[in-house]
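Comments concern the structure below.
Just the heavy atoms: all of them, side chains too, but no hydrogens, waters or symmetry mates, feed the values below. Naming convention: chains lettered A, B, ... in sequence-line order (proteins, then strands); numbering from 1 in each chain.
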There are 2 protein chains.
Amino acid sequence: MIKLNRTTEYGLVAMKHMAKKPGGSATSAREVSDQFGFPFEITAKTLQRLKDTGLIQSLQGARGGYVLARSLDEITLGEFVEKMEGPVAVVNCASGKTESPGCEYSGRCEMTSVMTDLNRRVIQFLSGIRLSELANSEIPVALTRFEDFLGNQPESMKENEKAHLS
Amino acid sequence: MIKLNRTTEYGLVAMKHMAKKPGGSATSAREVSDQFGFPFEITAKTLQRLKDTGLIQSLQGARGGYVLARSLDEITLGEFVEKMEGPVAVVNCASGKTESPGCEYSGRCEMTSVMTDLNRRVIQFLSGIRLSELANSEIPVALTRFEDFLGNQPESMKENEKAHLS
DNA sequence: TTATATACGATAATAGATGTCGTACTTGAA
DNA sequence: TTCAAGTACGACATCTATTATCGTATATAA
Ligand code: FES
Ligand code: FES
C-alpha cells in the first residue's frame, strides 16, 4: 500500500490551522487536538517533530505554543513528507540505506537504476505541490473516479484503464 | 512511509523478464525465483495474482508457466499498482472505504476534499508511467518527464528542493 | 506413471504504524 | 511564591499490514 503516515496528515492539518489563524497568538497542541479531534499525545508529538525539523517554532511556558516558521507557499509536499517521515523510498529496491549500497537482489536482478529513477520521479512529483495549494483550495468531492483523470493518456490506454478500474 | 509492496516490485521484475524472453516458451515461478533470487513461494503467489487480474495468462501442467497477456506498453504503473495492491489511497483521509463515507475526523476537520484531490493527482501521476518505460531502460529514463511537474514551480522552491533532496 | 507445474488457503513471523503513559522542564500570571 | 498551562522527551503497549512459510490439491506433458 502506497500511503503516507497518519501523523503526516495530522501535521498538514495543523500547518493549515496555523496558517489561517489571525497573527500574534501561538497554537498549542491542545488547541489542535480539541479543534479536530486528533489524539492529544500524537498531536503533541507531531508538532514537536515539525519544530525539530524547523518548519514551525515553539514558545514554551504558559500561553506558549507553536507558530509557523515559514510560509506554506515556500514549503513543498516533498520537503514536508521527508521531514515528517524521513527519506522517500517508494520502492524497497531504491531505498538509500547507508549500510547496503543497493537492493538485496541487485546481484542477479538489474533494476536498481530504474527503480531509483522511479523514486526520483515520485520525489519530483511531490516537490511540485505546495502546502499552500492543499491549505487554500476548496475542491469538490465529486471528482473521485479514475476515469476522470486519464486525460493525458493515449487512447489505447484509456480503454484498458476503464476495463479494470471500479 | 510512502512505499510500494515488495511483491509489486517482484511483479515488475517478473513482467520485465517475461517481456524480454524470446517468444513461445512460458515462464515458471521457479524460473523467476531462481533467476533473481526471490523467495519461491512469494514469487508463485505474485504470479498467481498477476494471472487473477488478467495481466498474464497461465498454462498448467508440466512445461507450463506464465505468458504476458498484454504488452507492457499498454499497462500503466497506476493500473499495475492497483491490481497488485488494491485501490490507491495515499492518505488515510481519502481512502474510499465503503463502510465509512469519509475520514473519521471529517466532522470537525474539512480537508477530505483536498486530500482526495491529492490522491487523484498521485493516481494520475502513476497512470502517466508505462511499464515499458521501466522495463526497457538500462540507463536512467530521460529527464524529459520531470518538467511536467516542475513547470509551475517558483524559482525559490527549486533551490529549497535541491538543498535537501538525495 | 512420474515429474513439473499452477491453484489455493491457512498460518506464522516480522516490521511498521499508531496510540498511551510517565515525568521533567519552562514560563506567564494569579 | 505558587500554580496552571504549556512544551520536551523517552519508554512502552497495541494494532495492523507486510512478508514469508507450509500443506495440499489439481493439471498436463513426456
Ligand atoms: S528488485 Fe532490487 S535489483 Fe531487482
Ligand atoms: S484528516 Fe480527514 S477530514 Fe481532516
Euclidean distance, atom [atom1] of residue [X] to atom [atom2] of [N] [Å, nearest integer]:
X         : N       : atom1 : atom2 : result
Phe40(B)  : dT19(D) : CZ    : C1'   : 16 Å
Arg63(A)  : dA29(C) : CZ    : C1'   : 9 Å
Arg30(B)  : dA3(C)  : CZ    : C1'   : 13 Å
Asn92(A)  : dG16(C) : CG    : C1'   : 13 Å
Leu47(A)  : dT7(D)  : CG    : P     : 7 Å
Glu41(B)  : dG9(C)  : CD    : P     : 16 Å
Gln48(B)  : dA27(D) : CD    : P     : 15 Å
Glu104(A) : dA20(D) : CD    : C1'   : 12 Å

message: Looking at the base of dT20(C), is there any donor atom on it, or on the side chain of Lys45(A), that sits under 3.5 Å from an acceptor on the other one?
response: yes
message: Quiz question: going by heavy-atom distance under 3.5 Å, is there a donor-acceptor pair between the base of dT18(D) and the side chain of Lys3(B)?
response: no
message: Both Lys51(B) and Ala62(A) contact DNA chain C. Which one's nearest nucleotide lies toward the 5' end?
response: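 Looking at DNA chain C, the more 5' nearest nucleotide goes with Lys51(B).
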field: Lys/Arg-Asp/Glu bridge criterion (N-O < 4.0 Å) met for Arg49(A), Asp52(A)
entry: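 Asp52(A) and Arg49(A): not salt-bridged.
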Among [options], the one nearest [X] by side-chain distance:
X        : options                   : answer
Tyr10(B) : dT20(C), dA20(D), dT18(D) : dA20(D)
Pro39(A) : dA8(D), dT20(C), dA3(C)   : dT20(C)
Asp52(B) : dC8(C), dA29(D), dT6(C)   : dC8(C)
Tyr66(A) : dA20(D), dA8(D), dT18(C)  : dA8(D)

[X] side chain N/O closer than 4.0 Å to the phosphate oxygens (OP1, OP2) of [N]?
X        : N       : value
Asn5(B)  : dA17(D) : no
Thr7(B)  : dT18(D) : no
Ser28(A) : dA5(D)  : no

message: On a heavy-atom basis, which atom in Pro39(B) and which in Tyr10(B) lie closest, and how many Å separate them?
response: CD-OH, 3.9 Å
- request: Specify the closest pair of heavy atoms between Thr53(B) and Lys83(B), including all atoms of both residues, with the distance to one decimal.
  value: O-NZ, 3.4 Å
Would you confirm whether [X], through its side chain, and [Y], through its main-chain N or O, come within 3.5 Å as a donor-acceptor pair?
X         : Y         : answer
Asp73(A)  : Arg130(A) : no
Arg108(B) : Phe38(A)  : no
Lys3(B)   : Asn92(A)  : no

field: Gln60(A) or Gln60(B), whichever maps to the more 5' nucleotide of DNA chain D
entry: Gln60(A)
query: Taking for each residue the nucleotide of DNA chain D bearing the nearest heavy atom, is the 5' side occupied by Ser58(A) or by Met1(A)?
result: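 By nearest-heavy-atom nucleotide position, the 5'-most residue is Ser58(A).
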- request: Could you check whether Ala44(A) gets within reach of a base, just the sugar-phosphate, or nothing at all, counting any heavy atom under 4.0 Å?
  value: nothing
- request: With heavy atoms under 4.0 Å as the rule, sort Phe38(A) into base, sugar-phosphate or nothing.
  value: nothing
